[in-house]
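Below is one structure, written out as structure tokens; comments come after it.
Chain letters run A, B, ... following the sequence lines, proteins first and then strands; every chain starts at 1.
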Protein chains: 2
Amino acid sequence: MKLKEFAKQVGLSPTTVSRALSGYPEVSETTRARVAEAAVRLGYSPNVNAVRLKTGRAGAIGVVMGRAGEFHFAEFMAGMAERLVAEEADILVIPMADPNHEDEMQLYRRLVESRRVDAIIVHSPKPNDERIALLHELGMPFLVHGRSAIDVPHAWLDIDNEAAIQRATSHLIDLGHRRIAMINGRPGATYALHRETGFRRALQIHGIEPDPQLMASGNFTDELGFRFARSFLEQPNPPTAFVAGSMMTALGVYRAARSLGLQIGRDVSVIAHDDVFPYLTADNMVPSLSATRSSMRAAGTRCADLVLQLLSGRSPLEIHELWPVELILRESTGPARQSTS
Amino acid sequence: MKLKEFAKQVGLSPTTVSRALSGYPEVSETTRARVAEAAVRLGYSPNVNAVRLKTGRAGAIGVVMGRAGEFHFAEFMAGMAERLVAEEADILVIPMADPNHEDEMQLYRRLVESRRVDAIIVHSPKPNDERIALLHELGMPFLVHGRSAIDVPHAWLDIDNEAAIQRATSHLIDLGHRRIAMINGRPGATYALHRETGFRRALQIHGIEPDPQLMASGNFTDELGFRFARSFLEQPNPPTAFVAGSMMTALGVYRAARSLGLQIGRDVSVIAHDDVFPYLTADNMVPSLSATRSSMRAAGTRCADLVLQLLSGRSPLEIHELWPVELILRESTGPARQSTS
DNA sequence: ACAAATAACCAAACCGTTTTCAATTTTAGA
DNA sequence: TCTAAAATTGAAAACGGTTTGGTTATTTGT
């Protein structure tokens, strides 16, 4: 049913009906009620595409999905969904064909040109992230999930990775660990750098020299967790503790330790970062996993909220949120055993 | 830049330009080339909302995301993305606020009415799935990922869960296992029923009576895998083998077995269904996990493809794909040990 | 060389809303 | 009671494309 037809049914002009439904003030309360009732009864709802054309709003916020198909993604989006379900806004997932840099910039450029989204959420930025510069230049509202050092005004939400990992590492040191390995995330991303900084700082405060042989980085997969942990543990002077970048990495570390007959929490300590997944909980691992913890889902919800604020005119410069991260100690961390050294 | 303006620049009418860009036949090849070149040079691209309004096409296919934030989801979408990146089609993720039944139907109804999507992909259908009936009734093109017994014509793509699990179970039986436990997926979903059927059939063929005490179902989480496996293993007459519904479930089973000092592949055998995740691979588990294997990502790609076919007029009745499932044997399955029986 | 067919292009109508601007009715003020 | 102001309502012009139904060149057939 079209507006024109519907308006005729109600006995009003399209103008008034449109206003009544959009909540404009210049329509009497009685008429509004009548229109609202009729809309429900006759099942009228405005054609989205017409509205979008006229208003210029896309009614959707975009999220670019890399090929990696990261498992964080679903949780983040579920979080966004929680906030957006009440709004008229959709989540538009933009497939990225190729991790090729040139193509990626083109993708963002086309996305902006095509006006399919009102705003974009940028994930895992690098310290000097060209996407941010581009979006700023193109005048597209956007929110960065993570942080970038780039000198361009932008809204962001991030968790305090540095403090989290520093605290986790310090805790391991307090337990007597001196050789601590770190399995970090994708090199290049700011969060990975922050974590490394936190790690190094903790060591430095306690006068421990970081050992490059005990630091690795890569995607958050069980395989890499296993491989790195295993190779570290097979070194002549193995680590007694691990700081792992994700739950998947931690799984790999657990397996590596076990495969060498080491008991976690006694022979080797492990702390991982937990983004809180409903399907894989640190508390239920055996032994339960000590973790720096911050809900990916909550971040998604808040990011959606902030994007909406951005769209209703709030300045990006005012939108900077740094979330603290909990450290939850469980069984996977224990005092360092007498080492061979 | 608008069409009118752009057309003027090129020295043609909007009509011709529009046709040239859309590949209509009644425009000369030289003109088309000229227009295409100018479009790139001047950075013209049609306003999506105008196109959508005029053509009536939304240019997006919808996927309803439940609150569970399932980890399969990201992989499936990544797969869709692979196919859709070449098209003009977007993926619209529709957040579902509430698992409440009434609300869910309302959500689908509103989604259809709002014309935001050209087609919908329905996940994890039940044998008698009202969403399918509703979408059919409303005349919205849709594809079911999974299967339903409902008596309404519809397109679907599914993997052969029944055959897969039957084969897996048979293999365990061939290895001498007689007490086999099954940890299935969400009760109610067709795939879970199919798996149960496959499981029962394998037992039946070999004259084994299924033991309800060894069958459980629930979400695909590590926690449930652990809890069920553990409780089964603590029974007086424990199972010697497990059929697990997912990788996460398998993780739980592994932990349960280990926590009881049982060695997987020797004391207890495990086969799980593997949807092929880049971040958690069966091959890298310790011991490596035997699995029925079918790529979620490939399914996503193919579903996207089939939806596009649906939209270009192919009949839903012709679109039924049942994918065979590989069985890959690794270290987690071995001969049944002499049991106490 | 001329009619008919074909190729290439264009003007204008239309998609279904929102919104500007003007018209009408109601209320308030004197 | 009459006028000015305020409250409601409507007509019509966008929004930016696509597509119908011509119109004008260009071939083709004889």
Between [X] ([atom1]) and [N] ([atom2]), how many Å, whole number?
X	N	atom1	atom2	value
L3(A)	dT18(C)	CG	P	7 Å
K2(A)	dC14(C)	NZ	P	11 Å
K8(A)	dG16(C)	NZ	P	14 Å
R32(B)	dA7(C)	CZ	P	14 Å
E113(B)	dG16(C)	CD	P	16 Å
E5(B)	dC15(D)	CD	C1'	15 Å

State whether the side chain of [X] and the backbone N or O of [Y] hold a donor-acceptor pair below 3.5 Å, judged by distance alone.
X	Y	answer
R57(B)	V51(B)	no
S148(A)	P127(A)	yes
R302(A)	G79(A)	no

**Asked** In B/S/- notation, 5' to 3', how is nucleotides 7-12 of chain D contacted by protein heavy atoms closer than 4.0 Å?
**Response** -BBBBB
**Prompt:** Is any side-chain N of the basic residue among R41(B) and E37(B) closer than 4.0 Å to the acidic one's carboxylate O?
**Reply:** yes
**Item:** Note: R32(B)-E29(B) ion pair, threshold 4.0 Å (strictly below)
**Value:** yes
**Message:** Just to verify, which of V144(B), L157(B), L306(B), V307(B) counts as forming a side-chain contact (heavy atoms from CB on, under 4.5 Å) with I319(B)?
**Reply:** L306(B)
**Request:** Might you point out which heavy atoms bring R115(A) and A58(A) nearest each other, and give the distance in Å?
**Result:** O-CB, 3.6 Å
**Complete:** So CD1 of I91(B) and CE of M77(B): to nearest 0.5 Å the spacing works out to 5.5 Å
**Item:** Contact under 4.0 Å: Y24(B) side-chain N or O vs dT19(D) OP1/OP2
**Value:** yes
**Message:** Parallel, tilted or perpendicular, judged at 30° and 60°: which one describes the rings of Y44(A) and F6(A)?
**Reply:** parallel
**Prompt:** Aromatic rings H154(B) and F142(B): how do their planes relate, parallel, tilted or perpendicular, breaks at 30° and 60°?
**Reply:** parallel
**Fill in**
Tested for ring-ring contact (aromatic ring centres under 6.0 Å, His included) against H145(B), the lone hit among F73(B), F76(B), Y191(B) is F76(B)
**Item:** Residues touching DNA chain D, which here means a heavy atom under 4.0 Å, drawn from residues 40-58 of chain A
**Value:** L53(A), K54(A)
**Message:** Can you give me the bend angle of the helix from dA1(C)-dT30(D) to dA30(C)-dT1(D)? Use the axis through the first five pairs and the one through the last five, nearest 10 degrees.
**Reply:** 30°
